[in-house]
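This report refers to the structure that appears directly beneath it.
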There are 2 protein chains.
Amino acid sequence: MCEASVYIEKNGREELLLDSVDVLEPQEGGKIYMKNLAGEQKTVSASIKRIRLVEHKIILEKTEG
Amino acid sequence: MCEASVYIEKNGREELLLDSVDVLEPQEGGKIYMKNLAGEQKTVSASIKRIRLVEHKIILEKTEG
């Protein structure tokens, strides 16, 4: 399968938010919605910093608020 | 491999920008940089609309400018 793990960068370290993520969508107000293969959902105040699909990694960075 | 095809949505249709994309990074000024497994690179004025990894699809939408 081609899902990815979503991390958020805090103080230069990557902290795992959700693994096996299939769906990720930026939303109004600087939020990111994500859902994984198990149906778990999260919405965080963040923006996408970089995506590395071969490494199965999506890195977010926190936004204010 | 777990790369994805990147599409841009125009008038409700999805137009292929680059396939086999590994790396995607939002940049300053509302641009998106991407690079595929063959080393091809593109930068477009767009934002990420949605990501569907199981479908190997990243959908962008055009921004002004």
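A note on names: the letters A, B, ... follow the listed sequences, proteins ahead of strands, and every chain is numbered from 1.
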### Summary
One option among B:Val21, B:Val23, B:Asp22 has the most heavy-atom pairs under 4.5 Å with chain A, and it is B:Asp22

### Message
For A:Arg52, is there an ion pair with B:Glu25 - N to carboxylate O distance below 4.0 angstrom?
### Response
yes

## Note on the structure
CG (A:Leu24) and CD1 (B:Ile48) are apart, to the nearest 0.5 Å, by 8.0 Å

## Note on the structure
So CG of A:Leu53 and CG of B:Leu37: to nearest 0.5 Å the spacing works out to 9.0 Å

### Pairing residues for B:Glu40 by the salt bridge (Lys or Arg N to Asp or Glu O under 4.0 Å) criterion, not counting sequence neighbours
none

### Task
For A:Lys10, check salt bridge (Lys or Arg N to Asp or Glu O under 4.0 Å) against everything at least two apart and list the hits.
A:Glu15

### Task
May I ask whether A:Tyr7 and A:Ile58 are part of the same hydrophobic cluster, defined by side-chain heavy atoms of I, L, V, M, F, W, Y residues being less than 4.5 angstrom apart, directly or through others?
no

### Task
Would you give the length of the straight line joining atom CD of B:Glu55 to atom SG of A:Cys2, rounded to the nearest 0.5 angstrom?
12.0 Å

### Task
Among the options A:Ala4, A:Ser47, A:Pro26, pick out the one with the most heavy-atom pairs lying under 4.5 Å from chain B.
A:Pro26

### Task
Under 4.5 Å heavy-atom distance to chain A, tell me which part of B:Ile59 shows up: side chain, backbone, both or neither.
neither

